[in-house]
Number of protein chains: 2
Amino acid sequence: MARVTIQHVAQAAGVSPSTVSNFLNDRQGRMVAATRARIEAAIAELGYRPNRAARQLRNGKTQTVGLVVPSVGNPFWGAFAHEVEVAALALGCSVLLCNSERDPERERRYVEELWEDGVRSIILCTSLPSLDHVSHVIEEGLRLVTFDRPAQPNDPQSVVSISIDNNVGGQVATAHLLELGHTSIAFVSGSIRSVNRSARYRGYCDALEAAGLSVADMPQWTGMDASHFGDVEAAEVGRAAARDLFADPTNAPTAVVAINDMTALGFCRGLRDLGLKVGRDVSVIGFDDIILADLYDPPLTSVRQPITRMAQLAVSEAIERGSNESTDPGSSVLLRPELVVRESTEHVPSAARP
Amino acid sequence: MARVTIQHVAQAAGVSPSTVSNFLNDRQGRMVAATRARIEAAIAELGYRPNRAARQLRNGKTQTVGLVVPSVGNPFWGAFAHEVEVAALALGCSVLLCNSERDPERERRYVEELWEDGVRSIILCTSLPSLDHVSHVIEEGLRLVTFDRPAQPNDPQSVVSISIDNNVGGQVATAHLLELGHTSIAFVSGSIRSVNRSARYRGYCDALEAAGLSVADMPQWTGMDASHFGDVEAAEVGRAAARDLFADPTNAPTAVVAINDMTALGFCRGLRDLGLKVGRDVSVIGFDDIILADLYDPPLTSVRQPITRMAQLAVSEAIERGSNESTDPGSSVLLRPELVVRESTEHVPSAARP
DNA sequence: TGAAATCGGTGTAACGATGCACTGACCATA
DNA sequence: TATGGTCAGTGCATCGTTACACCGATTTCA
């Protein structure tokens with residue numbers, strides 16, 4: 001059963017391969033309706049599907065979009081990857097999956113390899129402040145969409161970002177805790193040297209200051225810089241933070257803003273290790289609103305990222321802008337996060353702390 | 001900056017493109033050491049990387065392995081996909097990701113598309129008892145590795161399976177609950193019409209019978225057949241099951257074997273809705289041992305699948321057997337699952353049930 | 001010593017799709 | 001009736017790599 005090629009279709013339709021090619025590439029104005037119909041019929045009858053490799057070889061592009069995430073093992077990234085695949089499928093594209101493990105060098109290598117393999121659209125979930133490590137590929141024409149990393153002042157013009165407003169998110173989360181009467185609020189994160197993380201942190205600081213509180217007075221977890229954990233181990237960060245913060249009860253917070261839900265969940269687990277109850281003893285708020293936030297006991301309050309919408313935006317920016325040959329400069333999007341209040345945040349305990 | 005092709009390398013090394021091609025394809029016995037060295041040097045100096053599209057067009061194969069999972073949005077599949085990517089990377093392959101949503105038709109379409117796009121190795125995470133829907137592609141030479149679905153008697157010869165022994169898993173889980181004194185144990189699952197699920201169920205039945213108990217006497221959850229939920233919504237199944245099973249307290253179990261951790265977690269959430277406490281009131285055991293099992297409150301007892309090992313096996317079967325042109329018939333693997341006891345399972349409450 | 005085998009390497013025709021330059025046929029205008 | 005302009009469609013070279021057939025120069029051995 002030999003492959004059916006464009007020649008077979010041409011023969012069956014009584015035209016030349018060129019005409020079939022024109023048909024396939026939407027240059028249909030160049031032919032009369034009857035021809036179009038004959039070609040259509042021939043394609044259907046023979047079950048013809050264009051050969052990707054040949055197309056790619058000829059015009060140097062794939063219909064594939066590259067997706068570079070820190071790790072699909074992390075439920076948040078898994079969920080995002082899922083949405084990306086769904087959105088790409090709807091536009092007739094496949095998704096090539098890469099896990100960077102948040103290693104800039106791996107990011108660079110993946111982006112370069114994808115580029116050299118003809119992938120012209122990449123959704124890069126990076127947290128690095130600078131895109132220097134991939135800028136030379138961008139200059140050559142890569143359509144890069146960064147996710148979870150808002151556009152930065154000195155990003156190349158063509159780069160599009162899809163992200164929530166992390167600063168607002170940090171503020172909303174912190175404000176929520178303040179409204180519940182908390183005045184001792186810690187911020188728990190792994191390494192903060194990333195665009196979105198520092199934005200969330202700034203939001204936290206802003207909200208505290210707006211309430212007349214000083215960040216310096218808050219319990220600090222200093223383990224964050226030492227963190228060498230990847231995204232899969234995000235929960236370990238939270239667990240360690242709980243252990244450390246409550247080692248000295250006089251310095252213990254009554255509430256915590258965690259950098260994401262996995263870390264928040266790890267923190268909750270750490271509290272449990274210490275015999276403390278989430279909500280009643282310590283309020284915990286996370287980021288992302290992964291499925292498990294709602295499943296947890298107690299259900300976790302979280303700042304939601306609308307990943308379905310974000311994935312659709314990312315994919316359409318990556319693919320459709322590609323077809324227009326960058327006619328428009330591309331528009332970065334900064335979505336408003338949404339606070340989802342559940343039971344892990346409660347009023348500050350009125351009784352004196354032990 | 002034009003692409004550097006095999007011709008450039010040939011010219012730089014003072015040989016013909018054919019020789020460079022021979023070099024690249026490990027037919028190095030056909031040339032003298034000095035030539036080999038010159039080619040090596042030229043490749044290094046020019047930074048030559050073979051063009052995948054051209055290679056694929058020429059010999060009809062990719063270096064890509066297809067991965068079809070129900071949904072990477074489910075943490076278990078996300079974690080597995082991660083391990084697969086890591087293992088594939090180590091062997092120099094990329095991973096093309098597809099979500100079947102457990103829809104046989106989508107499975108078929110994905111497998112066919114991958115095949116037609118030159119992908120010759122696919123890891124298919126399916127639960128369907130029959131592989132008929134993809135058998136014609138297998139006959140054409142696809143190397144198919146099924147995961148989470150043990151080999152079936154009438155599978156095509158060339159198909160390799162990587163799975164845990166689900167029957168044993170079901171037995172181990174159930175035996176654990178029996179040892180804790182439970183005699184009213186329900187089995188909670190979405191649609192059971194899948195190989196691994198029914199094996200787990202049989203294991204559950206076997207363990208009960210071995211203990212002199214009758215499955216018919218156990219509380220039954222009948223919602224399972226009606227379930228139309230996908231893998232992302234697995235938790236919903238558990239939640240619904242809890243609601244239904246405890247609607248009639250006289251029929252309520254003291255322990256539950258859930259088909260997987262997500263469903264178990266959903267069940268725990270459902271118990272919470274009802275004001276019941278996991279462990280103390282009702283013991284819950286899951287399958288898979290996803291990261292979140294350990295994070296949960298209480299930490300979830302689970303039957304572990306060694307996914308790192310399994311992913312490595314799957315990838316090496318998919319890729320390396322490919323290179324040997326099926327010299328050996330391929331060996332299916334049935335790994336022994338491991339029970340991980342945590343705190344969601346406790347002794348049956350001695351007090352009379354309400 | 002002559003025929004055959006081996007060695008190290010080359011020439012060439014594909015793989016399938018594409019897009020530019022082109023060709024007739026037809027129509028409109030001067 | 002020349003001239004020019006559309007229109008519908010075609011021919012061909014090309015993308016980068018590979019496998020097969022082939023070639024000249026040694027070496028082997030009967």
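Order of the sequence lines fixes the chain letters, A, B, ..., with proteins taken first and strands second; residue numbering starts at 1 for each chain. Note: hydrogens, waters and symmetry copies are ignored here, and every other heavy atom, side chains too, is used. For clarity, every value in this text was computed on a predicted model and none was experimentally measured.
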With the side chain defined as heavy atoms from C-beta on, B:N51 is closest, among D:dT17, C:dG8, D:dT18, to D:dT17
Among C:dG9, D:dT17, D:dT18, the one nearest B:P50 by side-chain distance: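 The listed nucleotide nearest to B:P50's side chain is D:dT17.
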Under the rule for side chain to side chain contact (heavy atoms under 4.5 Å, CB included), what residues qualify as partners of [X], not counting sequence neighbours?
X      : value
B:T308 : B:E83, B:Q312
B:D132 : B:S130
B:P150 : B:Q152, B:S163, B:N166, B:V195, B:L334

In short, ring-ring contact (aromatic ring centres under 6.0 Å, His included) pairs touching residues 111-130 of chain B with sequence neighbours left out are none
Applied to residues 47-75 of chain A, the ring-ring contact (aromatic ring centres under 6.0 Å, His included) test, sequence neighbours excluded, yields none
Report the residues that fulfil side-chain hydrogen bond (donor to acceptor under 3.5 Å, both in side chains) with [X], sequence neighbours left out, ordered by chain and then residue number.
X      : value
A:R52  : A:S94, B:D117
A:S127 : A:R102
B:N196 : B:D148, B:S194

Problem - Spacing of A:R120 atom CZ and A:L142 atom CG [to the nearest 0.5 Å] - result: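 Result: 7.5 Å between the selected atoms.
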Dump every N/O contact between nucleotides 10-14 of chain D and the protein below 3.5 Å, one line per pair.
unit_1	atom_1	unit_2	atom_2	d
D:dT10	OP2	A:S16	N	2.9
D:dT10	OP2	A:S16	OG	3.0
D:dT10	OP2	A:T19	OG1	2.4
D:dG11	N7	A:S18	OG	3.1
D:dG11	O6	A:S18	OG	3.0
D:dT14	O2	A:R58	NH1	3.1

Are there any protein N/O atoms within less than 3.5 Å of an N/O atom in nucleotides 26-28 of chain D, and if so, which ones and at what distance?
none

Find every protein N or O atom lying less than 3.5 Å from an N or O atom of nucleotides 21-28 of chain C, and list the pairs.
none

Item to check | For DNA chain D, the residues among residues 40-48 of chain A that have a non-hydrogen atom under 4.0 Å from it | outcome: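 Those residues: none at all.
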